[in-house]
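Note that ligands are numbered from 1 as they come in the structure, with each ligand's atoms numbered from 1 the same way. Since we're looking at a predicted model, the values are computed, not measured.
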Amino acid sequence: MITTITLNPSVDRRYVVQDFQVGNLFRTHQFEATAGGKGLNVARVIKQFGEDVLTTGFIGGKNGEFILEQLTEQGIKNDFIQITGETRNCIAILSKDVVQTEILESGPKVTSEQIELFLQKYERILQDSSVLVASGSLPEGVPESMYYELIIRAKKKGKPFILDTSGSALREGLNASPFLIKPNKSELELLMNRPIESEEEIIKAAKEISQNGVEFVVVSLGSDGAIIIHKDLGYKVKIPKIEVKNPVGSGDSMVAGLAIGLYKNYGIEDMLKLGVACGTANAMEIGTGQIRKANVESMFKNVKVEKI
Ligand code: ADP
């Protein structure tokens, strides 16, 4: 089983307001609420691909109930720690077809007792998981070293850990050398604290990270595919032109594909292809963290991996 960890999940509320402007009043019939947070997007894609997935993290209040109901409806296993605070809302306003304005609540505060309960649950979950994926930000109250702790515990049990986060949570997590990280270009720049433009600069930065024991540094580059460093090998994955509907959640979908490839013991190139294929298949859908398996399969045949 693959387990995705979402410590700060959200109800993602999406409104379509074509002519949205700051300071005006708008009405819309086009809106939806979905179980969100990057780890839940990853889980949804794994499930749509037909693989077994468990979701865990902290959850609370009416929003928490909504999320658990949605996950159960979608056949996604869930085993969260209940907290007293209310799980957050994240609001996205889609205007002029593609422009997106986002408002992200910071989320509830988690207590040290709740963290301890989660760590106990995590030890049990580790027994039954083959691959762990942790995505997104840390809620208030959770120390920056949380991902470090989770990675070390997974390593002790010989389980590969994929970390997809940014800023100081990523920096701290890297001290435990996760198996795989998937920064996009701006996350890489933030991590390295320098502008990164050219392919050479991407490769140089990824090599620096990989030298600290991260097996796979997967730098996702939107429509330009991805550049990957694995030990002293480099790969570039190129994608065919597609009709983009909504690239939001493509990074999460890519992480899902990489986790599935790892879980199913794919060879390196096939694992990378599956990651990129899932990312691109998501960009072909309106929904966030949505893929069609048929699109993933056709992308898998059409993406090209070359050694660099
Ligand atoms: P993130 O969502 O984390 O910023 P990216 O935007 O780099 O991640 O997207 C991850 C992957 O999704 C890319 O490597 C690519 O395979 C796919 N993807 C994203 N945007 C597009 C796009 N506009 N066209 C085709 N594929 C895309």
Just going by heavy-atom distances, which of G279, S223, G225 is nearest to atom 21 (C) of ligand 1? S223
Under 4.0 Å between heavy atoms, the region of I239 that gets near ligand 1 turns out to be side chain
Report the part of V244 (side chain from C-beta onward, or backbone N, CA, C, O) that has a heavy atom under 4.0 Å from ligand 1; answer both or neither where that applies. side chain
Under 3.5 Å between some N or O of ligand 1 and some N or O of D252? no
Examine K182 against ligand 1 and note whether any of their N/O atoms are separated by less than 3.5 Å. yes
Heavy-atom nearest neighbour in the protein, as seen from atom 2 (O) of ligand 1, with distance rounded to 0.1 Å: G251 N, 3.0 Å
Does some non-hydrogen atom of M284 fall short of 4.0 Å from ligand 1? no
Just by modelled atom types, is the G251 backbone N or O under 3.5 Å from a matching donor or acceptor in the K182 side chain? no
For T280, the ligand 1 atoms with a heavy-atom partner under 4.0 Å come out as 12 (O), 15 (C), 16 (O), 17 (C), 25 (C), 26 (N)
Is the backbone of L170 close enough, under 3.5 Å, to the side chain of T165 for a donor and an acceptor to pair up by distance? no
Considering only heavy atoms from C-beta outward, does the side chain of N8 approach that of F58 to under 4.5 Å? no
With heavy-atom distances below 4.5 Å as the criterion, would you say the side chains of N246 and Q290 are in contact? no
Nearest non-hydrogen partners of M299 and P240, listed with the distance: SD-CG, 3.9 Å
Taking the side chain as C-beta and beyond, is there a heavy-atom pair between S129 and M1 under 4.5 Å? yes
In terms of residue, atom name and distance, what is the protein heavy atom nearest to atom 4 (O) of ligand 1? N184 ND2, 2.8 Å
Is any side-chain heavy atom of L71 closer than 4.5 Å to a side-chain heavy atom of T55? yes
Is any N or O atom of M254, backbone or side chain, closer than 3.5 Å to an N or O atom of ligand 1? no
Please name the residue in the list Y235, F161, F179 that meets the ring-ring contact (aromatic ring centres under 6.0 Å, His included) test with F216. F179
Contacting atoms of ligand 1, where contact means under 4.0 angstrom from a heavy atom of I242: 24 (N), 25 (C)
Out of S250, G222, S220, indicate the one that has the non-hydrogen atom closest to atom 15 (C) of ligand 1. G222
